Each structure stands twice: as structure tokens, then as C-alpha cells.
Amino acid sequence: MTTITKAACIGGGVIGGAWAARFVLAGIDVAMYDPHPEAQRIVGEVLANAERAYAMLTMAPLPPRGTLRFAPSVEDAVQDVDWIQESVPERLDLKRGVLNEIDAHAKPDALIGSSTSGLLPSDLQRDMAHPDRLFVAHPYNPVYLLPLVELVGGNQTSKETIERAKAAYAEIGMEGVVINKEIEAFVGDRLLEALWREALWLVHDDICDTETLDNVIRYSFGMRWAQMGLFETYRIAGGEAGMRHFLGQFGPCLQWPWTKLTDVVDLDEALVEKIGAQSDAQSGMHGIRELERIRDENLVGIMQVLKGANGGKGWGAGKLLADFEARLWAGAGKADVDPTAPAPLRLVETKVNPSWADYNGHMTEFRYLQVFGDTSDALLRLIGVDDAYVKAGHSYYTVETHIRHLGEAKVGEALYATCQVLSTDDKRLHVFHAIHRADGDEVLATAEQMLLHVDAAAGRAAPADPAVLARLQAIADAHSALARPEAAGRHVGQKR
Ligand SMILES: NC(=O)C1=CN([C@@H]2O[C@H](COP(=O)(O)OP(=O)(O)OC[C@H]3O[C@@H](n4cnc5c(N)ncnc54)[C@H](O)[C@@H]3O)[C@@H](O)[C@H]2O)C=CC1
Ligand SMILES: C[N+](C)(C)CC(=O)CC(=O)[O-]
């Protein structure tokens, strides 16, 4: 689904590994170069966490995964690719050397983004032969989930490069925010540094420990920031008189000697040990990968809530996710099945992700309806009820569902769903779905559904398009050879 199909990641640590995951999950083939002896294991573990997070994040059809290849050198990794993301350690001399090597071997028009969190692009591009295509692309950890990338050009970066970069990041679901002028640490890290500096002083001076400080953030303004940022939040805090009143009331406090922001705390051995010990007490019971998974589940939950915010139109990162999913659905291919085969259509492959589990430790009931809904959607796409058809004002709406729960789907289990068309006419579509365990084909649940074709603007049932009906009839004809499921027509309380 991206116009870019091949990328290289140079450096595969915390950030480079997560870039590789984002690219691969967007369908881009990645060549990775990292001399670390355990690079393959580390990147593999990050990719596994990213896949787990994406399975929770969206039901939209992701493109087929790109491939991941470990290259023996920078030269080998960057030849033939359209996009290179540099994520080596934060040292100007090292980055310059690596970027010059990339520059020497990459195609002249390949985009080169540096993940630097603070270095100036003008300094990075100084010795490059094609400096016009170098820009800072500063991401946020975890790169595969957080959509922001700060785009910063240096004095030799072309305007076209920034425009191409913004478009390329949009294709993989990221928001490229263009920073007007280059400045050390750009925008995000300047803000984070201010907070961090203050936090270090508060712990140093025994005002609070690390856990108390984190609680202050996560039980209050951390949640506000995830959805409205700083200025929009403070506008509301000004009450009906808004921002001007807020500035008038609280602006003068900035003159008070509250902050030590201009002083840098001395990170001597004692302070490092104090913070290290408090952090161990706070979080040492969890491994890093475990903490990453907890963080990812929380971020996914926040993004999903934001997707449904603002009356369902989406808000902030949730709006971005909604737009990304809309593009995925618009480009969704039809299920790869033979519609004329005399067998139920295998339309959905999925896995029970951890956020689908209830207190009984198995897939909770509304997720069954979600999978059945996805199965109906896959059938609709197969008969031509796609994004364009819906946008043109027609669709099928589900008017009745009867679900039976027959077995337990456990977290992580692979499932598939099938559909048998029971009957159809110009408006009605009567189907029988089943969710199967992928391993062994056992039926775990069934759903009988009635769908009605509608004229959405008029808000009433209307005959479907003849081409849609013809495709549907071909499936119904093939399925007429099948035995009617024994459970079709059952109702709750009926004797077995
Ligand atoms: N960790 C974070 O939270 C964030 C880091 N960044 C930036 O991302 C960049 C990378 O940082 P991290 O991933 O955190 O560091 P890291 O230390 O986790 O990873 C750096 C990787 O680069 C590899 N490496 C070293 N020399 C290399 C070379 N010559 N060629 C290829 N690979 C080489 C190392 O083996 C290591 O795997 C830095 O510029 C940093 O400022 C940006 C956003 C957030
Ligand atoms: C610590 N850091 C400066 C490398 C952090 C970042 O650059 C962004 C982030 O993910 O917090």
C-alpha cells in the first residue's frame, strides 16, 4: 500500500528496531545493518512486540508484511532502496561518518532520515555529496505505535525532500510535523528536557521519589496531554474567558522562583544510585520487554478510545488512526477465495489478542460479534460492496444476529471464520457464520445474521446494485448444494 517498497535501517537498537517493525508491518521490505552481535535477536523481539501491538490496534487489513534482511554492511543495505532511516548512537562524529557512507552508496534521490533526538541537520549533512536529501526524522518511542515524527531540514535540505518525507511517513500512518527552523532538540525534546530537569531536582531534593513523581503525571496531566496537548488544555482552564484570562491569572507565577530549570542537576554517582534504586523498587519486578508490552497495551487502548472520540470522528492520534484505517479499508483486497466453490467461504483469519480476554481468561463475548462482523464485511467486499459503493450511498446493514458460544477461544489462539449464504433476494442477505479454531478446525461459535440492503441517504431498504446481486447469487447457487446448518433458525431457549 505504500509507494515506497524498499527501505534500509542503519542501526537496530531501541529506535532502529522499532523503525524496522513499523516499515515491515506497513508492507515495506527492510534491509537492516547493525554490527551488534545480538542485533537479530533484539530486532526480532521488538518486531514480535510490534506485531502483538498491531493485532490489538486495528482490525483493518494490514498489507502483506514486508521482509526483514540483515545486511553485512551499510553499502549492502542501502543500495537499491528508496528510503534510509539512520538510528545509530547520538554522537555527531559517528553519525556524520555513517551518513557519509550511506550517501556514497545510496541512490542519489533516496530519502535519508536521521532519528537524532537533538543534533542539527546542518551539522549532519555538512560533508555529504547529496546533502539536499538529508533531514531529521525524529520519532518517539515506541516508533511502531506513536505516530509523530518531527521533520527538520538543514540549510542544505531541499523543500522537495521535506515534502516527499512528509508524504512517505503519512503512508505508514505517521504524522510528519514540519519544524520551521532547525534548533537543537527540536520541539518535543525541548519540552521533555524541561520536565526531566525539574523532575531530577525534585528527586534530588527528596521532595518526592520516582514513583510519586510518575503517579503525579499519570493520574493527572499525562492523561490530558495525550489528547489535547498544552495550549488547548490551558484554554479550557481559563474558563469561559479562555486563554487570555488563563495567561492573565497564571502567567505572573512564571516570575516566581518555583523552578530550577536553568540549573542542571549534577548527576553524580550518589544521585544515579538513588534514582536507580527508586526505579528498581518502582518497576524492577517487571522485565523490559514486559514493560514494553504493558506500555503498548495502554497506548493501544488510548488510541482506540481517541479514535471513537469527538462524536465518532476521532481526535488527535485517534483521528490519525481512523484516517489510516480508512485508507487500509479503501485499499483492502477481496478475500482470496473461490466464490463458486460448494463450501463455506473462509473469509477471516485472526488471533485472540490479550485485550480481547475477559476475567474468565478467554475471548469476551462482544469480540465474537466483532469477528462475525468482520466476516460479513469480508463477504460484502467480495460481492463488490466496497468503499466506493458505500460512499456512493448504498450498503448492507445487519438487522438481526443470533450467536451461539460452543467452545473457548484462549488468548493468542489462531482462529478463522467461515460464511455460508443461506438465502438472498434483491434486499435481504441471510448468512450463517462460524468461528473455528485454526488448529483442528473445531467450531467455537456460530452466528446467524440477516442483513438488509439500504439506501443510506433515504434511510430505508432498497434493492442492491444488479452487479452486486449477480455476484451474491453465484455464491448462493454454489452454497445451495450444502446441507443447511443444523443450528440455522435456532432461537434462545429452544430444546436441543
Ligand atoms: N531511545 C530513545 O528514546 C530515542 C532515541 N532517538 C535517537 O535514535 C538514535 C538511536 O538511539 P537508540 O536506538 O536509543 O540507541 P541504541 O543504543 O538502543 O541503538 C543504537 C544501535 O546502533 C548500533 N550501531 C552502533 N554503531 C553503528 C554503526 N556504525 N552502524 C550501524 N549501527 C550502529 C548499535 O549496535 C545499536 O544497536 C539516536 O540518535 C537517538 O537520539 C530518538 C528518539 C527516541
Ligand atoms: C531521551 N530521548 C531524548 C532520546 C527521547 C526522545 O528523543 C523522544 C522520546 O521518545 O521520548
Side-chain angles (χ1 to χ4, degrees), residues 7-22 30-47 49-50 68-78 84-106 112-121 123-125 134-152 169 174-177 179 183-197 199-200 214 217 222 225-226 267 275 288-289 291-292 295-296 299 317:
C9 288
I10 307 302
V14 173
I15 293 302
W19 271 120
R22 194 176 258 276
V30 173
M32 159 73 72
Y33 171 69
D34 189 316
H36 193 288
E38 292 198 63
Q40 296 208 23
R41 175 187 63 76
I42 295 167
V43 175
E45 286 179 10
V46 173
L47 183 56
N49 270 358
L68 176 62
R69 172 178 80 84
F70 284 83
S73 63
V74 170
E75 177 178 354
D76 184 274
V78 304
I84 298 135
Q85 189 75 37
E86 168 276 307
S87 312
V88 302
E90 191 76 344
R91 285 197 346 250
L92 183 58
D93 58 334
L94 174 66
K95 282 203 188 271
R96 264 194 193 140
V98 168
L99 287 168
N100 292 343
E101 200 180 346
I102 294 171
D103 188 39
H105 299 293
I112 306 177
S114 170
S115 301
T116 178
S117 45
L119 301 173
L120 295 177
D123 290 339
L124 294 173
Q125 70 195 163
L134 182 278
F135 56 98
V136 164
H138 177 234
Y140 285 74
N141 188 29
V143 182
Y144 51 79
L145 277 182
L146 296 185
L148 177 69
V149 57
E150 288 175 290
L151 299 178
V152 195
Y169 288 106
M174 296 183 87
E175 181 72 12
V177 170
I179 306 302
I183 181 175
E184 292 85 353
F186 326 124
V187 175
D189 272 342
R190 293 208 149 219
L191 298 173
L192 287 176
E193 189 190 285
L195 185 77
W196 193 36
R197 201 179 278 210
L200 289 174
D214 284 350
I217 295 174
W225 283 351
L267 274 172
I275 293 175
I288 286 295
R289 297 280 172 251
L291 279 174
E292 284 177 355
R295 173 202 64 192
D296 289 356
L299 291 173

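A quick note: this is a predicted structure, and the numbers were derived from the prediction, not measured. Counting convention: from 1, in listed order, for ligands and their atoms alike. Excluded from the calculations below are hydrogen atoms, water molecules and symmetry mates; all remaining heavy atoms, backbone and side chain alike, are included.
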Using heavy-atom distances, let me know which of D189, V143, V88 sits nearest atom 28 (C) of ligand 1. V88

If you take all heavy atoms of S87 and I15, which pair is closest and at what distance? OG-CG2, 4.0 Å

Counting only N and O atoms by type, is there a donor-acceptor contact under 3.5 Å from the side chain of S115 to the main-chain atoms of H138? no

For V98, the ligand 1 atoms with a heavy-atom partner under 4.0 Å come out as 29 (N)

Does the protein come close to atom 39 (O) of ligand 1 - that is, does one of its heavy atoms sit below 4.0 Å from that atom? yes

I'd like to check which ligand 1 atoms, numbered from 1 as shown, lie under 4.0 Å from a non-hydrogen atom of Y33. 30 (N), 31 (C), 32 (N)

N or O pair under 3.5 Å between D34 and ligand 1: yes

Under 4.0 Å to a heavy atom of G11 - the qualifying atoms of ligand 1, by number: 22 (O), 31 (C), 32 (N)

When the ring planes of W19 and Y169 are compared, do they come out parallel, tilted or perpendicular, using 30° and 60° as the limits? tilted

Identify the closest protein heavy atom to atom 3 (O) of ligand 1: which residue and atom is it, and at what distance? N141 CB, 3.9 Å

Sequence neighbours left out, what pairs pass side-chain hydrogen bond (donor to acceptor under 3.5 Å, both in side chains) with at least one residue falling in residues 7-16? none

Does the E292 side chain pair with the main chain of N49, one donor and one acceptor, at a distance under 3.5 Å? no

What are the atoms of ligand 1, with element, lying closer than 4.0 Å to any heavy atom of G13? 13 (O), 18 (O), 19 (O), 21 (C), 37 (O)

Check ligand 2 against the protein and report each N/O to N/O distance under 3.5 Å, formatted as atom name, atom name, distance.
residue	atom	partner	partner atom	Å
ligand 2	7 (O)	H138	NE2	2.7
ligand 2	7 (O)	D189	OD1	3.3
ligand 2	7 (O)	D189	OD2	2.7
ligand 2	10 (O)	N141	N	3.0

Shortest non-hydrogen contact between Y144 and R22, atoms and distance: O-NH2, 3.3 Å

Which is it for Y140 and ligand 1 at heavy atoms under 4.0 Å: side chain, backbone, both or neither? neither

Check E38 against R41 and note the closest heavy-atom contact, atom names and distance. OE1-NE, 2.6 Å

If you count the atoms of ligand 1 from 1 in the order shown, which ones are under 4.0 Å from a heavy atom of T116? 39 (O)

May I have the step-by-step check of side chain to side chain contact (heavy atoms under 4.5 Å, CB included) for L124 and L92, ending in yes or no? CA-CA 7 Å; L124 294 173; L92 183 58; 3.8 Å; yes

Looking only at distances, please establish whether an N/O atom of ligand 1 is found under 3.5 Å from an N/O atom of P89. no

For ligand 1, does V74 get within less than 4.0 Å through its side chain, its backbone, both, or neither, judged by non-hydrogen atoms? neither

Within this structure, what is the CD-CD1 distance for the pair Q85 and I10, rounded to the nearest 0.5 Å? 10.5 Å

Partners meeting side chain to side chain donor-acceptor pair (under 3.5 Å) with T116 (sequence neighbours left out): E90

Number the atoms of ligand 1 from 1 as they appear, then name those within less than 4.0 Å of a heavy atom of H138, with their elements. 42 (C), 43 (C)

Once side chain to side chain donor-acceptor pair (under 3.5 Å) is applied, do any residues pair with D76, and if so which ones, sequence neighbours excluded? R69

Is there a polar contact, in the sense of an N or O pair closer than 3.5 Å, between S117 and ligand 1? yes

At less than 4.0 angstrom from any non-hydrogen atom of E90, what atoms of ligand 1 do you find? 38 (C), 39 (O), 40 (C), 41 (O)

Does a donor on one side chain and an acceptor on the other come within less than 3.5 Å for E150 and Y140? yes

Is there at least one protein heavy-atom neighbour under 4.0 Å from atom 13 (O) of ligand 1? yes

Of all heavy-atom pairs between G113 and A137, which one has the smallest distance, and what is that distance? CA-CB, 4.3 Å

